[in-house]
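Below is one structure, written out as structure tokens, with a few remarks after it.
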Amino acid sequence: MLHGCFAINSIIFFFFFFAACFKLTSCPPNTANQNLHAYGIILIVILTTSLLIIVNCSDQALSTRERRAAKRREDAAKHARETAQARHRWKAAQDLSKIRQIGLQEQISRTFSRKKSSKQDKSQTSNDKKDSKDLTNMVRSIDDDPHGHDGFHMKIGDKNIKKNAPKGKQLHTHSQIFKYAYGQLEKEKAMEEDHSNMTFSGVISMATDTDVRSRPVIEVAFKDLTLTLKGKKKHLLRCVTGKLMPGRVSAVMGPSGAGKTTFLSALLGKATGCTRTGSILINGKNESILCYKKIVGFVPQDDTVHGNLTVEENLRFNARCRLSADMPKADKVLVIERVIESLGLQAVRDSLVGTVEKRGISGGQRKRVNVGIEMVMEPSLLILDEPTTGLDSSSSQLLLKALRREALEGVNICMVIHQPSYAMFKMFDDFILLAKGGLTVYHGPTKKVEEYFSGIGIVVPDRVTPPDHYIDILEGIIKPSNNMTHEELPVRWMLHNGYTVPPDMLELCDQIAKGSSDEKTQMGDDMDDHHGVVEEHSFAGELWQDVRCHVELHKDQVHLNFLQSKDLSNRRNPSILRQYRYYLGRVTKQRLREARLQAADLLILLLAGACLGTLAKVDDETFGSTGYTYTVIAVSLLCMISALRSFSLDKLHYMRESASGISSLAYFLSKDTLDLFNTILKPLVYLSMFYFFNSPRSTFEDNYVVLLCLVYCVTGLAYIFAIYLEPSSAQLCSVLVPVVLTLVATQEEQTGLVKYLGRLCFPKWAMEAFIIANAERYSGVWLLTRCASLRQSNYALSHWSLSLSLLILTGVISRFVAYFLLITFQKK
């Protein structure tokens, strides 16, 4: 009732308000239009106040929602801990009662005879069975509630309790899902504790637990893997042979220029601009690793994380889009919670990651989030490029422990790492050491690396980490004591394993056999001189070679983007429509957190409309073409620059997500859908100022429709610039294109190419629609006396709908072109 009275009072207030406002208009003598400046001033005050309110309150909805989710999560975690503690206390009491029963049984056996003692043993055994059943029933009656979702039972080894426990598909509310997730985490902790203590219950749990999901196994074997730059006889990798096994953590190390990152790119099938020889086998079959990209994770060296999202939001989005569509929501939440706990991110889970302008979490936490993005999709093969760079020793060990827990589930993990501590080095299962030129120096178990190098005369000094000592030798900083050169180490590894030595390295084999240091040095110098001879080319020949290499590189990138491989991962990702919904939710949150930036764009449009509307006076002879010329330039320029942010700032994030199999179409459509809001709002904001300060003859609705089509057109063109060009070049084009095309379209004397160009540019169509809408308000002699102005600009009154259709068609075509560029020319 109160709300109804308030609405009625508001309507009455606005009625009297606008009735009074009508008196503010004036018609000065010798003018053709009304003076509506008072309306413009009133609208400026109202819209500015509204923008200030939106800016200050935009984040409140997200903050309130996050606080409610955090409270539900804390309550669920508290409930799970209390339940686990109750189970632990009950188990302790049960074990104590059994001990007392055994002590009482021994005391009775000493008192009575052997015969009675044997009878007592039989009866006691039967009683124990009954007591154990009674205790089990008691535990069930106290802790187990088959019809509710509060009990997540820690009674390990009891299959009936597991059957009665609620499954993920039966959970719907957030509280139930969080209770399920934290209950499972407490259960896993108890299982780990029992396993570490080697208790009987831990063994029974390991043998009878059927809830553990097994991941597909990926084994990567490579033989004589060689990468050579196209057009240049330079090896990035050479004769690399080995195997990456599931359930093991492999470390790739070597000096700078050894091809460590190139080696990872070759394993992932993303090495472009190179000629590859040798073979890569997946699970013993000659198949492309791209067939398994849904279960292959790659952590780049740079922290490609959305800074305007929280830690949990980054992880949750990747879990939703990359985990199997058949997995229940509760299990996905469990995966996220498990990753957050294993990486030690509980304290910052609701904190923004942060950007360059706005500080968020620390660098070490950001690096762990970068790794967690790949861990939440439960990969079978996880490749990491320098994940510990910039981390301290404790953070590095925490990260490596989390990776080792992943390896216990059968994940094949390979990572590039620099300068690990001795404790970290011993945590790796396998060790791959590369020399400059991409040659293998060692590839095998970490336990045997010192044994191998000791066998060839290289002993690690005390208090020196083995990989650091070996890398110093490969860099030439330290010389081995046995007159050995670092060029011989790859050849020694080949001879040690019986691999084929390349022909140009056979001389090193002779040096190793002879063992003469002087001759060896001389032969090494001769070999360097022989390989240092470079065939001289003319300037034109070198230029042509560089052009060919550049073309081959882009050709490989386009081929990789359009390469279609059969899916062997046995995982069904969410549909494009569902991914579009996830993207839409993420982009909405990002835009709400950037409300100040959006408000600044709208405020600039307000000021531009007011200034241009005041400066450009309506002239009946030209139908107000001057003001419309300013309008086309200002609106096109401002809307194009703001639309660049949709794709320019997220290029690296998109490349990472698209490479993992997330839909590019869902990404593009979500961005365009949110920009439709700006497409509808910005013409309204600009016109609310310009129309009342300029006072044209055309209606507000006609001007708004023209501006709406214009903004839709220029937004599509801005997408092309943002996707294809670098940010600085895209901004320059967004400024020059509207200005230049508008000047061409409004040129009075057009001849030749300029005439045809002027007819095919969007400012021409927008100007024609504006002026026709204004001219249609004239009639009779007024219109006939001004037909010369229309004919001079090649405008026709019947072309209003055609002009709007051309603007919309240009916007649609430009979006198709932008999407094509997005999936074709993305830089790797």
Side-chain angles (χ1 to χ4, degrees), residues 59 62-63 65-67 69-71 73-74 77 182 185 249 251 261 297-319 333 335-377 379 382-406 413 415-425 427-428 586 589-590 592-594 596-597 649-653 655-657:
D59 205 23
L62 290 177
S63 300
R65 184 178 180 183
E66 291 170 359
R67 283 196 300 269
K71 186 177 184 304
R73 190 171 55 246
E74 291 173 359
Y182 283 105
L185 288 177
V249 182
T261 302
F298 174 66
V299 180
Q301 183 175 351
D302 299 325
D303 300 333
T304 312
V305 185
H306 289 278
N308 48 11
L309 295 177
T310 64
V311 172
E312 184 180 359
E313 289 169 352
N314 275 284
L315 299 179
R316 184 169 61 245
F317 174 81
N318 282 271
V333 173
V335 172
I336 298 170
E337 297 297 331
R338 186 185 293 125
V339 171
I340 290 177
E341 184 173 355
S342 64
L343 293 176
L345 298 172
Q346 300 95 326
V348 295
R349 62 182 303 158
D350 294 323
S351 302
L352 291 177
V353 174
T355 58
V356 178
E357 297 84 6
K358 187 176 181 179
R359 179 167 176 80
I361 59 178
S362 66
Q365 293 166 341
R366 186 186 182 96
K367 181 73 71 174
R368 280 179 273 164
V369 174
N370 190 34
V371 177
I373 286 176
E374 300 299 326
M375 290 176 61
V376 292
M377 52 86 65
L382 183 58
I383 306 294
L384 305 97
D385 190 5
E386 301 184 20
T388 60
T389 301
L391 299 182
D392 54 17
S393 179
S394 60
S395 298
S396 299
Q397 288 194 16
L398 177 64
L399 176 60
L400 192 53
K401 288 179 180 178
L403 294 175
R404 287 202 62 84
R405 281 194 290 269
E406 291 288 304
I413 299 176
M415 57 190 296
V416 173
I417 190 169
H418 287 294
Q419 294 182 333
S421 62
Y422 187 78
M424 279 190 63
F425 178 68
M427 294 175 69
F428 291 102
R586 187 182 77 175
K589 289 181 180 179
Q590 291 175 321
L592 287 175
R593 292 193 174 109
E594 296 173 355
R596 292 180 181 273
L597 202 57
L649 303 179
D650 291 343
K651 282 186 176 181
L652 293 177
H653 305 88
M655 294 173 194
R656 179 176 183 179
E657 291 168 358

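These numbers were taken from a predicted model, which means no experiment stands behind them.
In terms of heavy atoms, Ala402 sits closest to Ser342 at CB-O, 3.7 Å. Pairing each heavy atom of Ser421 with each of Ser393, the nearest pair is OG-OG, 4.4 Å. Smallest separation of non-hydrogen atoms from Ser351 and Ile361: CB-CG2, 3.9 Å. Contact detail for Val376 and Ala319: the closest heavy-atom pair is CG2-N, 3.9 Å. Closest of all the heavy-atom pairs between Val353 and His306 is CB-O, 3.6 Å.
Remark: the Gln365 side chain and the Ser362 side chain contain an N/O donor-acceptor pair separated by less than 3.5 Å.
Salt-bridge formation is detected for the pair Glu657/Arg586: a Lys NZ or Arg NE/NH1/NH2 atom is positioned less than 4.0 Å from an Asp or Glu carboxylate oxygen. Taking 4.0 Å as the cut-off between side-chain N and carboxylate O, Arg349 and Glu337 count as a salt-bridged pair. For Glu374 and Arg656, the salt-bridge test passes: some basic side-chain N is under 4.0 Å from an acidic carboxylate O.
Annotation: the span from Arg404 atom CZ to Gln397 atom CD amounts to 12.5 Å, rounded to 0.5 Å. The line from CG of Leu398 to CG of Leu391 is 9.5 Å long, rounded to the nearest 0.5 Å. We find the CG-CD1 distance between Asp303 and Ile373 to be 9.0 Å, quoted to the nearest 0.5 Å. Taking OG1 of Thr355 as the reference point, atom CD of Glu594 lies at 9.0 Å (rounded to 0.5 Å). The structure places CE of Met424 at 5.0 Å from OG of Ser396, a figure rounded to the nearest 0.5 Å. Rounded to the nearest 0.5 Å, atoms CD (Glu313) and CG (Asn308) are 9.0 Å apart.
At a threshold of 4.5 Å between non-hydrogen side-chain atoms, the residues Met415 and Leu400 count as touching. Under the 4.5 Å side-chain criterion, counting only non-hydrogen atoms from C-beta, Met375 is in contact with Leu343. Side-chain atoms of Val333 and Val335, non-hydrogen and from C-beta on, never get closer than 4.5 Å to each other. In this structure, the side chains of Pro387 and Leu399 come closer than 4.5 Å at one or more pairs of heavy atoms. Glu406 has its side chain within reach of Ile413: a pair of non-hydrogen atoms, C-beta onward, lies under 4.5 Å apart. When side chains are defined from C-beta on, Val371 counts as touching Leu403, because their heavy atoms get closer than 4.5 Å. The closest side-chain heavy-atom distance from Asn318 to Met377 is not below 4.5 Å.
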Before giving the answer on side chain to side chain contact (heavy atoms under 4.5 Å, CB included), spell out for Ile383 and Val299 the whole-Å C-alpha distance, their side-chain angles and the decisive distance to 0.1 Å. CA-CA 6 Å; Ile383 306 294; Val299 180; over 6 Å; no
Trace of the side chain to side chain contact (heavy atoms under 4.5 Å, CB included) decision for Arg593 with Leu309: CA-CA 9 Å; Arg593 292 193 174 109; Leu309 295 177; 3.8 Å; yes
Given the rule in the side chain to side chain contact (heavy atoms under 4.5 Å, CB included) test, do Leu345 and Arg368 qualify, once you have shown the distances and angles that lead to the verdict? CA-CA 8 Å; Leu345 298 172; Arg368 280 179 273 164; 4.2 Å; yes
Walk me through it: do Glu386 and Ile417 pass the test side chain to side chain contact (heavy atoms under 4.5 Å, CB included)? CA-CA 5 Å; Glu386 301 184 20; Ile417 190 169; over 6 Å; no
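Within 6.0 Å of the CD atom in Gln419, the count of heavy atoms belonging to other residues, nucleotides or ligands does not exceed 12.
Put simply, the side chain of Asp392 gets close to the backbone of Ser395: a donor and an acceptor are under 3.5 Å apart.
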